[in-house]
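So the structure is just underneath, and the comments pick up after that.
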Amino acid sequence: MLACAELSRVKKRIADFQLGPVDLTIEPGTITTLAGNNGSGKSTLLKLIMDLATSDSGHINILGTPADTNDESWKSNVAYLPQTSVGYNPYTGQDLKKIIAPLYPDWDDNLFADIVDNFHLPLHKKYGKLSPGVQQKLRLALTIPRNSPLMILDEPTSFLDIPSKQLLMDLLTDWMDQGERAIVIASHQAADMMKLADYLYVLQDGNHMGTFEKEELLQRYRKYWLASELPETRAPGEIARENQQIISNHPEQTESFFHEHHLTATFQTALELEEILTLLLQEQNVSRLP
Amino acid sequence: MKLPIQLSKESREPIYHQIENQLKALIAGEQLTAGTSLPSIRALSKDLEVSIITTRRAYQDLENQGFIRTLQGKGTFVAEIAAATKQQVKHDAVYQTMADAVDTALRYDYSPDQVEEIFHHLINTRKGE
């Protein structure tokens with residue numbers, strides 16, 4: 001099946017910041033979250049995909065078309081929500097819909113009306129007069145009904161309260177069930193959007209730290225509470241310890257070490273994704289030291 | 001519909017397997033009866049906060065074992081299952097729960113005799129009710 005987006009060996013330098021090389025394939029039917037610290041290159045990567053910035057090297061294909069082609073008609077197949085929308089202030093929601101809807105052949109007016117209803121959006125008010133939260137909801141209402149095979153959301157939950165975030169997740173879930181589609185989300189609020197993701201693409205300071213299927217990552221880490229003092233020697237797989245608690249990134253090895261040394265774990269648990277991401281970024285720091 | 005599935009972070013059982021076993025128990029226990037429509041893979045993934053890779057694997061296993069069936073374009077439904085299969089699921093669940101209890105006791109250095117004593121005590125209090 002044709003990939004929704006395919007990036008190979010993409011690099012971009014901005015002053016002393018270097019993004020990439022990025023290799024990323026977005027298959028239909030999947031949700032991928034770009035996770036990383038502030039300034040890790042998430043938004044830059046999305047801008048490269050949208051051809052709003054030019055890569056220094058590598059290739060980007062969107063639904064089979066090179067993104068840097070002169071003909072920009074492929075853009076009607078992508079729904080992109082940037083972090084901010086410039087030039088919206090003098091227009092009402094109704095005006096904006098009239099401008100945006102005709103650009104997208106599969107625009108769904110009913111879905112737009114539904115979202116407006118659910119978010120209680122005032123369509124007659126000028127965008128510039130709306131609160132940041134309402135502006136964000138309106139921008140989402142102007143993005144999701146484009147019904148393009150690829151949706152790219154840069155920080156979609158900015159300014160949203162908890163019920164609105166929940167509603168957004170329900171909307172995106174339903175949207176995914178309507179066809180062969182894919183979503184790419186950039187979010188620095190790890191917990192929010194990772195819940196929805198199938199894959200996590202982790203970036204740190206422009207470097208690709210890995211692409212993980214969510215449960216694969218969760219199963220790789222384990223936390224143990226031991227009944228007795230910790231051994232002086234480092235257990236295989238051990239990456240952190242505190243009091244009688246050990247965190248391992250090789251649970252099998254760590255458990256056989258416990259067994260050999262007659263140590264008993266009285267309690268064990270998987271970690272939260274946020275904890276894992278923090279550890280993952282720390283580990284990489286350590287391994288990059290000279 | 002939200003399914004009453006609770007994933008355990010403490011258990012070493014893979015997540016797809018937890019989903020599979022809990023769905024089996026719901027079907028065998030007839031909380032989900034034949035013909036009941038199940039959530040889409042995407043919707044269940046959202047509810048459980050897992051990836052579609054995990055949910056799809058659970059659904060595929062259940063389909064292969066005849067617990068659910070997917071109708072193209074219509075969705076996924078609970079299948080008609082044999083009484084013997086229901087019995088087997090219940091039997092497995094009870095055995096597993098007891099095995100886990102025995103393991104916990106042995107981990108806390110209880111002797112097999114003590115475990116037996118606890119078991120008899122529990123059974124007797126329930127018989128007395």
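Here is how names work: the chains are called A, B, and so on, in the same order as the sequence lines, proteins then strands, and each is numbered from 1.
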Toward chain B, the part of [X] with a non-hydrogen atom under 4.5 Å:
{"X": "A:I31", "answer": "both"}
{"X": "A:Y224", "answer": "side chain"}
{"X": "A:D170", "answer": "both"}
{"X": "A:A227", "answer": "neither"}
{"X": "A:E272", "answer": "both"}
{"X": "A:Q166", "answer": "neither"}
{"X": "A:T264", "answer": "side chain"}

Looking at [atom1] of [X] and [atom2] of [Y], how far apart are the two atoms once the value is rounded to the nearest 0.5 Å?
{"X": "A:E215", "Y": "B:L7", "atom1": "CD", "atom2": "CG", "answer": "8.5 Å"}
{"X": "A:D198", "Y": "B:T54", "atom1": "CG", "atom2": "OG1", "answer": "8.5 Å"}
{"X": "B:S51", "Y": "A:L196", "atom1": "OG", "atom2": "CG", "answer": "11.5 Å"}

Residue [X] excluded, over 12 heavy atoms near [atom1] under 6.0 Å:
{"X": "A:I162", "atom1": "CD1", "value": "no"}
{"X": "B:Y110", "atom1": "OH", "value": "no"}
{"X": "B:F119", "atom1": "CZ", "value": "no"}
{"X": "B:E80", "atom1": "CD", "value": "no"}

#### Entry: Region of B:T104 that comes under 4.5 Å of a non-hydrogen atom in chain A
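When you check distances to chain A, no heavy atom of B:T104 falls under 4.5 Å.
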
#### Entry: Heavy-atom proximity to chain A below 4.5 Å, by part of B:Y108
side chain

Do the side chain of [X] and the main chain of [Y] share a donor and acceptor less than 3.5 angstrom apart?
{"X": "A:E213", "Y": "B:I53", "result": "no"}
{"X": "A:K214", "Y": "B:E49", "result": "yes"}
{"X": "B:R42", "Y": "A:G29", "result": "yes"}
{"X": "A:R222", "Y": "B:E10", "result": "yes"}

### From CA spacing to verdict: side chain to side chain contact (heavy atoms under 4.5 Å, CB included), B:R12, A:Q268
CA-CA 9 Å; B:R12 282 303 295 270; A:Q268 56 165 293; 3.3 Å; yes

### Task
Return the option, out of B:T55, B:I15, B:I52, with the maximum number of heavy-atom pairs under 4.5 Å with chain A.
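Between B:T55, B:I15, B:I52, the count favours B:I52.
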
